[in-house]
Number of protein chains: 2
Amino acid sequence: MINKIQHSTNCGDCNCKTSIFKSLHPFELELINQARVQVNYKAGEIIFKQGTPSPHFVCVTSGLAKIYIEGYGKNLILALVKPVDYIFGPGIYVDNRHYYSASAVEDSSACLVDVNIFKKLIRENPDFADEFIKRVSLQSIFNFDQVISLTQKQMHGRIADVIFYLAEKIYCQNPFVMTISRQDLADLSGMSKESAIRILKEFREEGILSLQGNTLEILNIKQLRQISETG
Amino acid sequence: MINKIQHSTNCGDCNCKTSIFKSLHPFELELINQARVQVNYKAGEIIFKQGTPSPHFVCVTSGLAKIYIEGYGKNLILALVKPVDYIFGPGIYVDNRHYYSASAVEDSSACLVDVNIFKKLIRENPDFADEFIKRVSLQSIFNFDQVISLTQKQMHGRIADVIFYLAEKIYCQNPFVMTISRQDLADLSGMSKESAIRILKEFREEGILSLQGNTLEILNIKQLRQISETG
DNA sequence: CAATTAAATTGATATAAAACAACAAATGGG
DNA sequence: CCCATTTGTTGTTTTATATCAATTTAATTG
């Protein structure tokens with residue numbers, strides 16, 4: 001099972017896709033490369049748990065992961081993380097604890113790198129620091145949109161938002177295969193699984209999308225956008 | 001009207017209260033001091049508007065401000081900002097736009113400082129950068145708690161959370177005078193003004209708190225905590 | 001200080017969404 | 001390949017919460 005997935009053998013080839021690393025010098029990238037540990041996760045396996053110490057940052061190199069807050073009885077998925085993107089929680093600069101959990105949605109692999117190396121590079125390379133802060137800022141902005149969607153739109157609008165998120169940011173194609181479960185869809189849109197399913201059904205009946213098996217196609221983007229905007 | 005409020009005449013005295021500035025050298029603080037502009041706002045006045053350019057960061061030196069997202073028909077208050085604390089939105093490292101609005105809740109004054117000075121200091125002083133990132137991280141963690149409260153608790157729990165926020169983080173005393181309106185209370189807890197008022201009334205009737213005029217006292221902290229935790 | 005406007009309060013009604021329950025379909029391990 | 005477990009689906013009921021409407025209180029301002 002090991003080594004079934006093809007990976008780059010160094011960060012210089014792999015992480016070039018992640019904009020934040022573009023400001024690192026080759027020798028700095030090599031520093032990360034030396035320190036990294038690669039791990040494989042089966043679908044459903046937990047990568048790290050909310051509340052536990054956070055000794056490294058995680059770079060997802062294949063598959064799909066979710067980061068989610070374990071709340072009161074249910075989870076809220078903050079984001080899906082696809083290759084090549086990394087998970088770097090806010091606890092690292094606070095108390096070295098995770099403030100959300102992460103698990104693999106699909107069979108995935110990831111590189112783990114000691115956070116101290118990361119923090120060291122931020123101190124030493126201002127361009128990298130700027131990129132990092134920019135990245136954190138983009139995350140914040142995304143979260144703002146998310147919290148407005150969750151608190152001010154009703155279910156139809158929230159599902160519309162999540163479908164756009166999946167099509168545009170995660171799977172990046174229009175007919176796409178939903179590898180996330182209905183429960184995940186519900187946890188992304190802050191509603192019960194039953195409600196999420198029902199709205200998906202409604203959208204299908206109204207010809208807004210087609211859904212056979214787990215292949216979803218947005219048929220009427222304009223109408224779905226409308227639903228997203230009218231809440 | 002001008003100069004009625006007493007302020008420090010330099011950042012060295014004033015901002016020492018704000019932990020993020022403690023890592024700045026005196027000459028760096030003086031750089032900020034030279035560049036700052038002080039402004040007074042009357043209650044209700046807008047400090048900046050979501051979507052507009054963001055040329056400076058804002059340090060609230062007296063009064064009380066709110067930062068809020070203008071959503072679909074209603075606002076969501078992200079935080080109240082009291083002296084001496086600053087407002088530094090995520091747009092500054094992205095597109096120099098504000099992603100939320102800010103306005104004065106009480107008569108307030110603030111210092112405005114060119115963001116470029118701030119960004120320059122972050123590049124040049126790694127300790128300051130670390131403090132800044134820590135600060136942004138704490139903000140994120142706060143927002144996580146907030147979004148869980150807003151999306152997974154029902155109204156009683158949300159109001160309880162907001163009351164604790166006011167008592168512990170904003171007014172910092174137990175009988176405290178609520179200088180925010182009921183609408184603000186509603187916008188902090190993501191519900192209608194009417195619902196917020198009704199729950200306040202219930203809490204009063206159950207002896208959990210007293211509320212005469214705008215003076216609120218938590219009488220049964222344990223029970224309020226319980227309500228916060230059971231959602 | 002009266003007159004006007006804005007903010008707070010209360011009650012009645014409508015509705016969005018969860019919870020519950022029962023069942024179907026798919027998945028995975030022995 | 002079959003049984004067991006999970007995941008998905010649908011209908012019904014209940015409940016939390018918004019909306020609407022009416023009234024009271026407080027705050028402004030000429």
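Residue numbers begin at 1 in each chain, while the letters A, B, ... track the order of the sequences.
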Residues A:Arg135, A:Tyr86; criterion side chain to side chain contact (heavy atoms under 4.5 Å, CB included); working and verdict: CA-CA 11 Å; A:Arg135 187 52 183 282; A:Tyr86 66 92; 3.2 Å; yes

Quickly work out the [X] [atom1] to [N] [atom2] distance and round it to whole Å.
X        : N      : atom1 : atom2 : value
A:Lys42  : C:dG29 : NZ    : C1'   : 13 Å
B:Ile159 : D:dT17 : CD1   : P     : 11 Å
A:Gln212 : C:dA25 : CD    : C1'   : 17 Å
B:Leu185 : C:dT9  : CG    : C1'   : 14 Å
B:Asp187 : C:dA7  : CG    : P     : 12 Å
B:Lys193 : D:dT23 : NZ    : P     : 17 Å
B:Gln152 : C:dA19 : CD    : P     : 11 Å
A:Ile197 : D:dG11 : CD1   : P     : 13 Å

Other residues, nucleotides, ligands: >12 heavy atoms within 6.0 Å of A:Lys74 NZ: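 Buried by this count: over 12 neighbours within 6.0 Å.
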
Is the A:Phe118 ring parallel, tilted or perpendicular to the A:Phe21 ring (thresholds 30°, 60°)?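 It falls in the perpendicular class, over 60°.
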
Check the pair B:Asn214, B:Arg182 against side-chain hydrogen bond (donor to acceptor under 3.5 Å, both in side chains), reporting the backbone distance first and the verdict last. CA-CA 10 Å; B:Asn214 277 320; B:Arg182 299 304 145 102; 2.9 Å; yes

On DNA chain C, check which nucleotide each of A:Asn214 and B:Ile180 is closest to and give me the residue with the more 5' one.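 Comparing both residues, the 5'-ward one is B:Ile180.
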
How does each nucleotide of nucleotides 11-18 of chain C score, in 5' to 3' order, for protein heavy atoms under 4.0 Å: base (B), sugar-phosphate only (S), or none (-)? BB---SSS

Do B:Pro90 and A:Gln139 come close enough that some side-chain heavy atom pair is under 4.5 Å?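 A side-chain contact under 4.5 Å is absent here.
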
Please report the shortest heavy-atom distance between A:Cys59 and A:Val84, naming the atom on each side.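 Looking at all heavy atoms of both residues, the shortest contact is SG-CG1, 3.7 Å.
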
